[in-house]
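Below you'll find the structure, written out as structure tokens, and then a few comments.
Heads up: numbering here begins at 1 and tracks the sequence. Whatever order the structure lists them in is the order used to number ligands and atoms, beginning at 1.
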Amino acid sequence: MKQLSSNRCFGGLQNQYEHASGVLNCTMQVSVYLPPAALQGNVVPVVYWLSGLTCTDQNFTTKAGAQRVAAELGVALVMPDTSPRGVGVADAPDAAYDLGLGAGFYVDATQGPWNSHYRMYSYTVDELPALVESALNLGPRRAICGHSMGGHGALTIALRNPSRYVSVSAFSPIVAPSQCPWGEKALTAYLGNDRSAWTVHDTVALIEAGAAQLPMLVDQGTADNFLEGQLKTPLLERVCKRKGYAATIRYQDGYDHSYYFISTFIEEHLRFHAQHLNAL
Ligand SMILES: N[C@@H](CCC(=O)N[C@@H](CSC=O)C(=O)NCC(=O)O)C(=O)O
């Protein structure tokens, strides 16, 4: 990994790196916060953060204000980009914000022209942790968290890989991409028309199918413009109740979809993850 920048932050370091990705077939950027404990030579656990539509590795890094609590708790934060990038990487024909660049949806595309680069599921689950954790001496204890499209990514990735993550949390996640316009558009493009291929990338469908329990926290703002049409949190509440899945799902009064919401509650999410990361 080539270091692009490094800034002292709450006694730790906020770094940005560039690396070649064999899985995505392009060069990627990733931001990493190293808490003071890591700089003192301790092997610290990691919270992976997955961002939403239009984001890069920089949105959460610069807007969420997560570093102060990560420093206190002694956890590293890893913030990847949301899609492959660069020359030859396909984008939506109309440069739409909800498909292509900035909108990888954390799936491995099987359909052209996306399938030569868009493999964000394998990148997030396998390639990135292997690279970052060995290069920076982090882990192996991990938690995963995300927002909106990234909340969908965090939930589906954790549900499919419960042995790799001790806990999962999400802000305003797309809980059922098979049942909303953002998800239907992206999953059709990346995975094709056969909806049976979509179910492993749909939180509600995974829980319906009996996914293993792991500690799960979800926060959703009541003033979020996307709640009714895209995020559909009640579908998650209903499937959890029906299947006896013990998730904590909270509605936060008056909060919208923005990083102001995330910055308000990120401390609670990091403390939730630290409780499980340190229990091992
Ligand atoms: N431009 C779009 C909406 C884009 C948007 O709100 N992106 C969110 C994530 S939405 C779900 O994945 C985001 O995180 N934006 C970056 C930020 O820094 O706020 C529209 O106008 O509808």
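Looking only at protein heavy atoms, the nearest one to atom 4 (C) of ligand 1 is Thr54 CG2, 3.9 Å. Looking only at heavy atoms of the protein, atom 18 (O) of ligand 1 is closest to Lys63 NZ, 2.7 Å. Protein heavy atom nearest atom 3 (C) of ligand 1, with residue, atom name and distance: Tyr97 CE1, 3.7 Å.
Less than 4.0 angstrom separates atom 21 (O) of ligand 1 from none of the non-hydrogen atoms of the protein.
Taking the centre of each ring, Phe171 and His269 come in below the 6.0 Å mark. Aromatic ring centroids of Tyr260 and Tyr255 lie 6.0 Å or more apart. Centroid-to-centroid, the aromatic rings of His257 and His147 come within less than 6.0 Å.
Heavy atoms of Asn59 found under 4.0 angstrom from ligand 1 belong exclusively to the side chain.
In terms of polar-atom proximity, defined here as any N/O pair under 3.5 Å, Trp182 makes no such contact with ligand 1. Residue Ser148 has at least one N or O atom closer than 3.5 Å to an N or O atom of ligand 1. Taking only nitrogen or oxygen atoms, main chain and side chain alike, Met149 reaches within less than 3.5 Å of ligand 1. Residue Gly150 has no N or O atom closer than 3.5 Å to an N or O atom of ligand 1.
Residue Asp94 places its CG atom among more than 12 non-hydrogen atoms of other residues, nucleotides or ligands, all under 6.0 Å distant. Applying the 6.0 Å contact sphere to OH of Tyr97 captures more than 12 heavy atoms from other residues, nucleotides or ligands.
Heavy atoms of Cys55 come nearer than 4.0 angstrom to ligand 1 in at least one pair.
In plain terms, the two heavy atoms of Val107 and Leu187 that are nearest each other are CG1-CD2, 4.0 Å. Summarising the geometry of Leu214 relative to Tyr245, their closest heavy-atom pair is N-OH, 3.0 Å, with the distance given to 0.1 Å.
Close contacts between ligand 1 and His147 involve ligand atoms 9 (C), 14 (O) [criterion: under 4.0 Å to a heavy atom]. With ligand atoms numbered from 1 in the order given, ligand 1 contributes 14 (O), 17 (C), 18 (O), 19 (O) to contacts under 4.0 Å with heavy atoms of Tyr259.
A donor-acceptor distance shorter than 3.5 angstrom exists from the side chain of Tyr190 to the backbone of Gly100, with no hydrogens or angles considered.
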Might you work through the salt bridge (charged side-chain N to carboxylate O under 4.0 Å, His left out) test for Glu127 and Arg119, ending with a clear yes or no? CA-CA 10 Å; Glu127 187 182 39; Arg119 296 174 51 82; over 6 Å; no
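Between atom 8 (C) of ligand 1 and the options Thr82, Leu53, Asp98, the minimum heavy-atom separation is to Leu53. Looking at Phe226, Phe105, Phe171 and measuring to atom 6 (O) of ligand 1, the nearest heavy atom belongs to Phe226.
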